[in-house]
S.K.: 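The structure is given below, and queries will be raised subsequently.
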Amino acid sequence: MSSFHRKGEAACPIRQRPAGSPLLSVLFFPVSILYQELLLRLFDKDTNFFDLALVRIALFSAAAGLILFLILDLVPKRKPARIAGGAVIFLWTTLLCIERGCRDIIGQYYTLGFMGKMAVDVTRDFGGVFFTSILGLAPFVLLSAVPFLVFVPLRHKIIRDDGQKKLARLILAAAAVLCQLLGWALSAFGIASSYYTYGYTANSSIAHFGAVTTIRLELEYAIFGVPMPPLPTFTDAEFTHPPATPAPSASVPPTAHTEPTAEITIPPAPEYGFNQLDIDFAGLAEQEEDETIQTMHRYFGGLTPSQKNEYTGMFQGKNLILITAEGFSPAAIDKDLTPTLYKLTHEGFIFHNYYQPDWTQSTCGGEFAVTTGLIPNWIGSSMELAAQASASVSMPNALPKLFAPLGYSTPAWHNHTYTYYERNTYLENFGYDFKAKDHGMELAHPELWPESDLEMMLATCDSYIDDYVENGKLFHAYYMTVSGHGKYNWSDNAISAMHREAVEAKFPDLSETSQAYLACNIELDLALEHLVSKLEQAGIANDTLIVMTGDHYPYLMVEDDVDYYNELRGFEDTEKDTSRFRNTLLMWSGAIQEPIEVDTPCSSIDIVPTLCNLFGLDYDSRLYSGRDIFAPNYEVDQASTSMPLVVFANTGFGSSWITAAGTYEASTDTFIPKEGVEVGEDYVSDVSLLVNAKISYAKLILEQDYFSTLFPDD
């Protein structure tokens, strides 16, 4: 535009009108953040897109976008403000892509702290696998990059030269505060309040409040600490509701026969005691000054211990081999492809209602549940994995601490990296003598990915078997396998490729993903075959109990929005359904002559207390989240602290659960009773109260180092 002046007058430049619309300038950041939040939500197939969370996310996005804009608008130099704005959008977009990758590849969202902590290990050990997986995220990456691609050419119009007027800034600040307060009110006091406070995890928070709020809460709780959960204390006497159906009479019903009949005498049941130690919880509570520890004493003291039973001490003085198998599920069991798995799961104990829940902590959470009997939580303000947090506290209830005083050796092995998940720290704190492929154990082909379970067994089992045969040294050995790890295809999985021909011959119509999953589990079968053969050759199969379960279901079978796990099993469900986590608990010994079938609902947190009972160990059943599976002291239709209880915690949909009476699905807020069972109207609320208590107190055991208070000499 030209400027004119009269002859003889000084030239006076005419002020240019600032480019761009003020509305575009104000709305760009709130709209961009909301767009990307909705995109993250849209790509998550396990999240119900249209629910109240949309309102909370919209309010928090508006508040965050307005605050970001106001900060940039206050920067006196425009160029640095634009550079900072572009950098923030780029970093934010990158973070969302990483979160989307974690959700797509691992099935979880994670905190910034956890991702930073695990970045080196993941890049070093799984870099190739993750790179090929990330390529499948291209649609999300491209769509999420739209705000950055818009900002770059329009940066002068979004962050204008003249900035906002003071009054406009005050109005925008007030709007940001209002949006934040409304979002806070709907979160802190709404139906999702637990996920906003004491139940915070990245996985649940992103689903309910969005990624912006998840990061804010992580930083807030890192500084001020995570809010304390409600801590109910109760005893079974408080479950005073009348039964829905009359209890069966112990008397013999009258016969229609008119003549006198001989009296029927029912022999009395054996007098079983309880699995508990002599701990004066009431006295400890009276002496304790710390209110949280005091409440914990009252809670554990109010629980009913598991009753001893006909299986108590069944394997006393014998050996134990415990295995957590990577990605194992019942789908891996095939009579022809995995004959040893088939044999061991169809002999010995057969558990028809066993589950390995999703603890939102991948392999580490599953392993923690299997080896401690405690529910895995995210611990402390730093949101540590439960297993990692347990490395620095007293863990006297871990199996090695119970077996070692009885003269047992307690070796442990993993055929991958020694320090992955900081496994070396927590397993050694449990009392295991832990070795891995790069620390004390030599594999024939350590360069393979994943490494061979058979090679691990070949390199290790002779040591403790020979020591027992030659010197009478009892053993409790532990293995964490890796051959069943994804990705499940022929190019990225060396173990799957080894057994490709056998699987393709039997299942030619299955997808490559399903075939590769079956193929890599053949290696686990060969490892078990070798182990059982060695035990039998040494003549000690009758003196040894083998126990094995998975760390989690094979979630890496869900690829590019295709659920190959459903294809392999032949039915449909999702991660919202408890049926997704039904698994197999293998418990076999040569001493078991006939299969023992068990219908009791149970899960991975029940393994340790059950083994304590089977081996006749001195332990207190009240100090575990799980229970002895064989304990008989409960009524099917009654809520009690000693009843069978499968807990599905921290899923982001609420805590589902299963009891002998039925199944509660949190995602639909429905209870499905078992056929023929009726429960009282308070049953669901009573069980849910107990579930929440179990989760909270399992977390506090680690956060408060509670066992060091109970057992100061450990």
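Model, not experiment: these values are computed from the prediction.
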S.K.: With a 4.5 Å limit on heavy-atom distance, are the side chains of Leu510 and Leu518 in contact?
M.R.: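 When only atoms from C-beta onward are counted, Leu518 and Leu510 do touch, with a gap below 4.5 Å.
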S.K.: Using the side-chain contact (heavy atoms from CB on, under 4.5 Å) definition, which of the options Leu585, Leu611, Ile607 pairs with Ile629?
M.R.: Leu585
S.K.: Glu422 versus Leu385: any side-chain heavy-atom pair under 4.5 Å?
M.R.: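 No. Closest side-chain heavy atoms not under 4.5 Å.
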S.K.: Would you say that more than 12 heavy atoms from the other residues, nucleotides or ligands in this model lie under 6.0 Å from the NZ of Lys576, or not?
M.R.: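 Count over threshold, so yes.
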S.K.: Taking Thr213 for the side chain and Gly210 for the main chain, is one N or O donor matched with an acceptor at less than 3.5 Å?
M.R.: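 Judged by distance alone, no pair lies under 3.5 Å.
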S.K.: Check step by step if side chain to side chain contact (heavy atoms under 4.5 Å, CB included) holds for Val687 and Thr659.
M.R.: CA-CA 9 Å; Val687 177; Thr659 66; 4.0 Å; yes
S.K.: How about Phe671 and Pro673: do any of their side-chain heavy atoms sit closer than 4.5 Å?
M.R.: yes
S.K.: Distance-only, no hydrogens or angles: does the Ser656 side chain make a donor-acceptor pair with backbone N or O of Ser667 under 3.5 Å?
M.R.: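 Flag not set: sc Ser656 to bb Ser667 has no pair under 3.5 Å.
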S.K.: Applying ring pair (Phe, Tyr, Trp, His ring centres under 6.0 Å), run through Phe648 and Tyr355 and close with a yes or a no.
M.R.: CA-CA 9 Å; Phe648 300 87; Tyr355 295 80; 5.8 Å; yes
S.K.: Check whether any side-chain heavy atom of Leu59 lies under 4.5 Å from a side-chain heavy atom of Trp184, and answer yes or no.
M.R.: no
S.K.: A side-chain contact here means heavy atoms from C-beta on lying under 4.5 Å apart; do Leu231 and Ser696 qualify?
M.R.: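 When only atoms from C-beta onward are counted, Ser696 and Leu231 do touch, with a gap below 4.5 Å.
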S.K.: Assess Arg103 against Phe43: is NZ or CZ under 6.0 Å from the centre of the six-membered ring, and within 45 degrees of the ring's axis?
M.R.: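 Not flagged: Arg103 not positioned over aromatic ring of Phe43.
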S.K.: Does the side chain of Met643 reach to within under 4.5 Å of the side chain of Gln638, using non-hydrogen atoms?
M.R.: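 A side-chain contact under 4.5 Å is absent here.
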S.K.: Could you walk me through whether Glu218 and Thr201 pass side chain to side chain contact (heavy atoms under 4.5 Å, CB included), step by step?
M.R.: CA-CA 9 Å; Glu218 179 183 358; Thr201 67; over 6 Å; no
S.K.: Any non-hydrogen side-chain atom of Phe328 less than 4.5 Å from a side-chain atom of Leu524?
M.R.: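 Yes, at least one pair of side-chain atoms sits under 4.5 Å.
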S.K.: Assess the residue pair Phe140 and Leu40 against the criterion (side chain to side chain contact (heavy atoms under 4.5 Å, CB included)); give the C-alpha distance rounded to whole Å, side-chain angles, the decisive distance to 0.1 Å, and a yes or no.
M.R.: CA-CA 8 Å; Phe140 179 85; Leu40 188 65; 3.8 Å; yes
S.K.: Can you confirm whether Tyr553 sits close enough to Arg580 that some side-chain heavy atom of one is under 4.5 Å from a side-chain heavy atom of the other?
M.R.: yes
S.K.: Is it true that a side-chain atom of Ser144 and a backbone atom of Val141 form a donor plus acceptor pair closer than 3.5 Å?
M.R.: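 Pair found, side chain donor or acceptor close to backbone of Val141.
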S.K.: Counting distance only, does the side-chain N/O of Asp669 pair as donor-acceptor with the main-chain N or O of Glu665 below 3.5 Å?
M.R.: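 No: the side chain of Asp669 does not pair with the backbone of Glu665.
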S.K.: Treating Gln361 as the side-chain partner and Ala386 as the backbone partner, does any N or O pair qualify as donor plus acceptor under 3.5 Å?
M.R.: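 Flag set: sc Gln361 to bb Ala386 pair under 3.5 Å.
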S.K.: Begin from the C-alpha positions of Tyr110 and Gln108 and carry the test side chain to side chain contact (heavy atoms under 4.5 Å, CB included) through to its verdict.
M.R.: CA-CA 6 Å; Tyr110 290 115; Gln108 310 293 337; 3.5 Å; yes
S.K.: If you look only at distance, which donor and acceptor atoms sit under 3.5 Å apart when one is on a side chain in residues 597-604 and the other is two or more places apart or in another chain?
M.R.:
unit_1, atom_1, unit_2, atom_2, d
Glu597, OE1, His352, NE2, 2.7
Ser604, OG, Gln356, OE1, 2.8

S.K.: Got a donor-acceptor contact below 3.5 angstrom from the Arg627 side chain to the Ser642 backbone?
M.R.: yes
